[in-house]
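Worksheet for the structure shown next.
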Amino acid sequence: MRVKHLLGHQSLKYKNALRATGEVIMPFKRPRPPPVPHATNSSSTSTLLSTNHEHKRLRRGCLHGIKAYILSAKIDGAEYEILIGEAEENGAELCKTPAEADIIVTAIGMKKRLERHIDWNMAKGKAVVRPDWIRDSVKKSEALPCGDYAAISDLLDSSIENCPESSSSQSQPPDQAEASTSQHQSTKESTLPDLVYEPRYKSRFACERYSPLICPNQDLVKELHIIKLAREMESEERSALSYSRAISAIKAFPEKIKSMSQISDIPYLGDKLTGMIQEFLSKSTISQARQLSSDTRYQTLISFTSVYGIGPHTARHLYDLGLRTFDDLSRYLGSDDNAEGSGGSFAWREGLRLRDELSVKIPRAEVEEMGRLVDNALQDILPGSESTICGGYRRGKLESNDVDIVFTHPQGQGNKANNMIARLVERMRKDGLITHTMHAPSVRSKGSLRPPTNHDGWDTLDKSLTIFNLPKTSPYYKGIHRRLDLIYAPREVYWTAVVGWTGSTMFERDLRLWAKQKGLKFDSSGITRRRDTKALYATSERDVFKLLELEWIEPRLRNADL
DNA sequence: AAAGAC
DNA sequence: TCTTTGC
DNA sequence: TTTTTGC
DNA sequence: AAAAAC
């Protein structure tokens, strides 16, 4: 066929393009070497605040200026994330080591146990309090006296003495606030008063549950994940969906499952899944998963689909042709004459060529560096723009497969924001940062102020799926290509887009189902009322939840997939 | 929804 | 038209 | 038993 | 594969 000719031609063109961009040294605007703030999540923000009315007032934070260390021992995973989120949002500075902190928050109540984690002499120099100190302080909008929350009786005096004060200007009259919210509680026992998250895991919606990155039943979930992948490889999507739901339900279950009686409240566990869990309880393994793991077809399909552009259908096709390894694949794609016509597409070749690099995980620090570079380019094009790193990074993953950055234009004129994606990508391409564009931006949102209304579910945001490479001058430069997704959202739907691109997948699916059930329609390009298709605009991420009548869930607790 | 291959 | 792409 | 399962 | 009733 003449495909041969076409492919050859395009390959060449690409090689040249790569060579050219590879050598270009970035003209100006070198990123300042990482100021390295804290490894908290979110935004490579340029102008985070000031856009956000509702945030603004509350901001300032009752814990502002307090350096806190939260000891994770004896605190449930979800609980821990909530504490961190609460502390952070209220202005506390979280420390990586107890030494840097003014105050240590711990659920441990005994001296001996605490000493296993923290040097006793150091502890004596600081306030050491129970987790409810954070909660109550937030509730009262003031850093409360540590004496009432001393974690360990031997440290009561030193905790009182070393109790930090918030630098937030507005210290409220502390006096009788006490009475209003709850009557009991100061001076009392060490129970964590958590009616908060008690029955949450029972919900049928992942967007109502707290799903930590790693759950107490992670091994079980991994086993089920293998079976789920196998179903996907065979295009048994409904079956795969059932496994996905079971996995996300189990991920939100707060304790290690030791007996079958515990799982009766977990949704989406029918006969099949129940049987598998039973097997797992006795053998710590699931035979079907073990079997698949060593199955050639399974392994081959998994590896083929790891090539960008190859999905289950194509993977099965290649397998049926007798191919088994990347070498086979390479040979097949490389061979010019296939009587059959397709010796594979251009996209597949590029995908295969880049596969090894793209399969290398990206550490958080490098994700942040990428975020800075994108934001620098963005500020050049349209000063005052905002961006947020979403995806797995924002959910707290230590390593990412790719980087998703959602951005929007400055508050002023919406119209100046035309072709933001195209301009940003072009700028970064010229700087040698972007080497490939896998999916060109649509030419939508021309002179638009509103997101185009979508009739069908995929978001209508302008986006570009690209391949990125750090400049050689970056301290993080490894010469490895990375997947970078850039998403432009008009201002009015910026927060919707951030929620939509933070994930996880099951969290997003259930957000849509939840919204539907509430008579609304959610996707990353907006929330609309189904009755009259009236658009509802959120002014903050929390506002998105509010409009959907959902309780707030931290990004780090949206890990409803494996 | 959009792109690319068929 | 079919497949893949995103969270 | 039939339909739905994210768009 | 599981749950709602579409």
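As the structure is a computational prediction, the values presented were derived from the model and not from experiment. Note on naming: letters A, B, ... go to the chains in the order of the sequence lines (proteins, then strands), and numbering restarts at 1 for each one.
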Taking only residues two or more places apart in sequence or in another chain, which ones pass salt bridge (charged side-chain N to carboxylate O under 4.0 Å, His left out) with D271(A)?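 Listed in chain order: nothing, the list is empty.
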Within this structure, what is the [atom1]-to-[atom2] distance between [X] and [N], rounded to whole angstrom?
{"X": "M506(A)", "N": "dT5(D)", "atom1": "CE", "atom2": "P", "answer": "13 Å"}
{"X": "M276(A)", "N": "dA2(E)", "atom1": "CE", "atom2": "P", "answer": "8 Å"}
{"X": "Y488(A)", "N": "dG6(C)", "atom1": "OH", "atom2": "C1'", "answer": "19 Å"}
{"X": "H317(A)", "N": "dT4(C)", "atom1": "NE2", "atom2": "C1'", "answer": "15 Å"}
{"X": "R558(A)", "N": "dG6(C)", "atom1": "CZ", "atom2": "P", "answer": "20 Å"}
{"X": "E237(A)", "N": "dG6(D)", "atom1": "CD", "atom2": "P", "answer": "11 Å"}
{"X": "L484(A)", "N": "dG6(C)", "atom1": "CG", "atom2": "C1'", "answer": "13 Å"}
{"X": "I467(A)", "N": "dT5(C)", "atom1": "CD1", "atom2": "C1'", "answer": "12 Å"}

Can you pull every protein N or O that's under 3.5 Å from an N or O on nucleotides 4-6 of chain E?
unit_1	atom_1	unit_2	atom_2	d
dA4(E)	OP1	R204(A)	NE	3.4

Can you figure out which of [options] approaches the side chain of [X] most closely?
{"X": "D404(A)", "options": "dG6(C), dT4(C), dA1(E)", "value": "dG6(C)"}
{"X": "L241(A)", "options": "dT5(D), dG6(C), dC7(C)", "value": "dT5(D)"}
{"X": "R483(A)", "options": "dT5(C), dC7(C), dT5(D)", "value": "dT5(C)"}
{"X": "S242(A)", "options": "dT4(C), dG6(D), dA1(E)", "value": "dA1(E)"}
{"X": "K272(A)", "options": "dT4(C), dA2(E), dC7(C)", "value": "dA2(E)"}
{"X": "Y308(A)", "options": "dT3(C), dG6(C), dC7(C)", "value": "dG6(C)"}
{"X": "Y268(A)", "options": "dA2(E), dG6(C), dA1(E)", "value": "dA2(E)"}
{"X": "T314(A)", "options": "dT3(C), dC7(C), dT5(D)", "value": "dT3(C)"}
{"X": "L273(A)", "options": "dG6(D), dA1(E), dT4(C)", "value": "dA1(E)"}

Not counting sequence neighbours, which residues clear side chain to side chain contact (heavy atoms under 4.5 Å, CB included) with I302(A)? List them please.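 For I302(A) the side chain to side chain contact (heavy atoms under 4.5 Å, CB included) partners, ignoring immediate neighbours, are L229(A), M233(A), Y298(A).
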Return the set of residues passing side chain to side chain contact (heavy atoms under 4.5 Å, CB included) with A289(A) (not counting sequence neighbours), or none when no residue passes.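 For A289(A), the residues satisfying side chain to side chain contact (heavy atoms under 4.5 Å, CB included) (neighbours in sequence not counted) are E223(A), I226(A), I227(A), I286(A).
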Using purine N1 to pyrimidine N3 plus N6-O4 or O6-N4 for Watson-Crick, or N1-O2 and O6-N3 for G-U wobble, each under 3.5 Å, what pairs with dG6(D)?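 Pairing partner, where one exists within any strand: dC7(C).
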Considering every strand shown, what is the Watson-Crick or G-U wobble mate of dC6(B) when both distances are under 3.5 Å?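 Its partner is none (no Watson-Crick or G-U wobble pair with both distances under 3.5 Å).
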First locate atom CD1 of I553(A), then atom CG of N559(A), and finally report the distance between them rounded to the nearest 0.5 Å.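 The CG atom of N559(A) is 11.0 Å from CD1 of I553(A), to the nearest 0.5 Å.
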How long is the straight-line distance from CD1 of I467(A) back to CD of E357(A), given to the nearest 0.5 Å?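 The CD1 atom of I467(A) is 9.0 Å from CD of E357(A), to the nearest 0.5 Å.
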Check every strand shown and say whether [X] touches a base, only sugar-phosphate, or nothing at a heavy-atom separation below 4.0 Å.
{"X": "S524(A)", "answer": "nothing"}
{"X": "D402(A)", "answer": "sugar-phosphate"}
{"X": "D561(A)", "answer": "nothing"}
{"X": "Y243(A)", "answer": "sugar-phosphate"}
{"X": "I487(A)", "answer": "nothing"}

Treating W514(A) as the side-chain partner and L548(A) as the backbone partner, does any N or O pair qualify as donor plus acceptor under 3.5 Å?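 Yes: the side chain of W514(A) pairs with the backbone of L548(A).
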Donor-acceptor check, side chain of R209(A) to backbone of L557(A), threshold 3.5 angstrom: yes or no?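 No; zero donor-acceptor contacts below 3.5 Å.
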With rounding to whole Å, what would you report as the distance between dC6(B) and dT5(C) at their P atoms?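 One P to the other, the span is 16 Å.
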When rounded to the nearest Å, what value does the distance between P atoms of dT5(D) and dG6(C) take?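 24 Å, rounded to whole Å.
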Suppose the criterion is ring-ring contact (aromatic ring centres under 6.0 Å, His included): which pairs have a residue in residues 264-284 of chain A, not counting sequence neighbours?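 Every candidate ring-ring contact (aromatic ring centres under 6.0 Å, His included) pair involving residues 264-284 of chain A fails, so no pair, neighbours aside, qualifies.
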ring-ring contact (aromatic ring centres under 6.0 Å, His included) involving F545(A) - partner list, sequence neighbours excluded: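 Expected list: W552(A).
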dG6(D) OP1/OP2 closer than 4.0 Å to side-chain N/O of K521(A):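 Checking dG6(D) against K521(A), no side-chain N or O comes under 4.0 Å of OP1 or OP2.
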Look at R509(A) and dG6(D) and indicate whether a side-chain polar atom (N or O) is within less than 4.0 Å of OP1 or OP2.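 Looking at the OP1 and OP2 atoms of dG6(D), one of them is under 4.0 Å from a side-chain N or O of R509(A).
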